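Basis for what follows: all heavy atoms, side chains included, without hydrogens, waters or symmetry-related copies. As the structure is a computational prediction, the values presented were derived from the model and not from experiment.
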Amino acid sequence: MNGAYEVGAVALRAHQRALETHANNVANINTPSFKRAEVQFSEIVTTQGNPTSENERLAQQSAAQNGGVRMTTRTMFSDHGELQATGSSLDIAIDGSGFIELMGPDGESLLWRGGKLEIDRDRFLAAQGLAPLQAMISVPEDARSLWIEIDGTVQAETEDGELLDIGQIMLVRQQSDDDLIPMGTGQYRMAENARLLDGVPGEDGAGFIRQGMIEQSNVEMTEAMVEMLILQRAFAASAQVIQTADQVASITNSLSR
């Protein structure tokens, strides 16, 4: 196959995946606690040994001309979104780098950056529409309001005005960003063999818990749109490479007749 076709096809695939990544960032700009993904390109270089025959030499020469491009994505966990006040006692945000641990299906540990809380049917505090908190904080039947301190201590105010300590929301941290796998629902799963570091809100760099606030996504609209425009131009240029190669091939075929 003409090398220009292969070069164009490799570039088209890489730019298509990059466009999908940036489009996902833009689509989640209003999703609380969403972390944008950044695209990284790297060149694939082929290596060969000494050829032992003419056929092997020609095969290696062809392979060397057709390296490739690898595209990877990196989720920007370290860039925190702006904290926005909501006034709701069931909204919480993490002012720092920690995560709240959730009790996933079959006891699997899931991580959450905060958002809207709810009281599930068993009266446990849970991430709204997701899973209960790993701390398994039980809310009394007669609780009329909840108070959450910056250290994660949760108090329930009963109908008669009594304040009860009902638990504490703890925070955890990952050893590396590569240990986290986004699940697309505001939750993260730990990679195989990854370990969590336990922390207390306000200690060990885990951050504080802020009640009545929501963390916004860390997607900046202007920057995201500019990156998408650049990628669209690059995609169009790669398509032009294939189109030009096709035109050259057509001219060559007409001359050989």
Side-chain angles (χ1 to χ4, degrees), residues 10 13-14 16-18 20-25 27-28 31-47 67-81 92-117 120 122 124-137 151-152 154 167-210 215-219:
V10 168
R13 284 193 293 267
Q16 177 64 37
R17 290 183 57 197
E20 291 170 355
T21 299
H22 284 290
N24 185 62
N25 288 342
N28 285 281
T31 301
S33 305
F34 176 81
K35 302 298 183 184
R36 76 180 187 276
E38 290 196 345
V39 174
Q40 296 175 326
F41 292 102
S42 58
E43 183 180 2
I44 300 174
V45 180
T46 58
T47 58
V69 175
R70 178 183 291 114
M71 195 214 80
T72 57
T73 58
R74 179 170 176 262
T75 304
M76 306 304 292
F77 294 106
S78 58
D79 291 346
H80 307 309
I92 59 173
I94 301 172
D95 188 3
S97 59
F99 290 83
I100 297 172
E101 199 170 1
L102 303 180
M103 178 71 76
D106 302 320
E108 181 184 14
S109 180
L110 302 176
L111 303 183
W112 184 54
R113 277 289 296 175
K116 293 186 178 294
L117 291 169
D120 68 14
D122 297 318
F124 289 109
L125 273 184
Q128 189 178 65
L130 299 176
L133 305 188
Q134 186 80 13
M136 299 302 288
I137 298 173
D151 66 352
V154 183
Q168 184 177 18
I169 301 173
M170 306 298 288
L171 297 179
V172 295
R173 292 182 296 121
Q174 77 280 19
Q175 290 183 311
S176 167
D177 288 350
D178 294 333
D179 293 340
L180 299 180
I181 303 173
M183 297 177 61
T185 55
Q187 303 173 98
Y188 302 90
R189 176 183 289 118
M190 294 298 294
E192 189 175 357
N193 299 324
R195 284 198 323 111
L196 287 174
L197 303 176
D198 294 328
V200 177
E203 300 178 10
D204 304 319
F208 299 93
I209 292 180
R210 305 291 185 184
E215 180 187 6
Q216 301 299 298
S217 72
N218 63 358
V219 180

What one should report as the nearest heavy-atom pair of V172 and E101 is CG1-OE1, 3.7 Å
Results of side-chain contact (heavy atoms from CB on, under 4.5 Å) for L197 - residues two or more places apart only: R173, Q175, R195
Between the CG atom in L133 and the CD1 atom in I92, the distance rounded to the nearest 0.5 Å is 6.5 Å
D198: side-chain hydrogen bond (donor to acceptor under 3.5 Å, both in side chains) partners, not counting sequence neighbours: none
State which residues pass side-chain contact (heavy atoms from CB on, under 4.5 Å) with D122; sequence neighbours excluded, sorted by chain then number. D120, F124
Inter-residue atom distance Q174.CD - M190.CE, 0.5 Å rounding: 7.0 Å
With sequence neighbours left out, the residues meeting side-chain hydrogen bond (donor to acceptor under 3.5 Å, both in side chains) with R210 are D95
Closest contact, heavy atoms only, P201 versus I209: CG-CD1, 4.1 Å
Only counting residues at least two apart or in another chain, list the ones meeting side-chain contact (heavy atoms from CB on, under 4.5 Å) with E192. none
When every non-hydrogen atom of I94 is compared with those of W112, the smallest separation belongs to CD1-O, 4.0 Å
Out of curiosity, I169 CD1 to I137 CD1, how far, rounded to the nearest 0.5 Å? 4.5 Å
Side chain R189, main chain I181, donor-acceptor under 3.5 Å: no
By ring pair (Phe, Tyr, Trp, His ring centres under 6.0 Å) - contacts of F99 (at least two apart): Y188
For residues I100 and L171, determine if any side-chain heavy atom of one lies less than 4.5 Å from a side-chain heavy atom of the other. yes
E20: side-chain hydrogen bond (donor to acceptor under 3.5 Å, both in side chains) partners, not counting sequence neighbours: Q16
side-chain hydrogen bond (donor to acceptor under 3.5 Å, both in side chains) against Q134, all qualifying residues, sequence neighbours excluded: none
When every non-hydrogen atom of A131 is compared with those of M103, the smallest separation belongs to CB-O, 3.3 Å
Heavy-atom closest pair, residues G114 and S33: O-OG, 3.3 Å
Any residue meeting salt bridge (Lys or Arg N to Asp or Glu O under 4.0 Å) with R113, in chain and number order, not counting sequence neighbours: E215
For R36 and N218, work out which heavy atoms get closest and say how close. N-OD1, 2.7 Å
Counterpart residues, side-chain contact (heavy atoms from CB on, under 4.5 Å), relative to N28 (two or more places apart): N24, T31, F34
Student check: side-chain heavy atoms of L110 and L130 closer than 4.5 Å: no
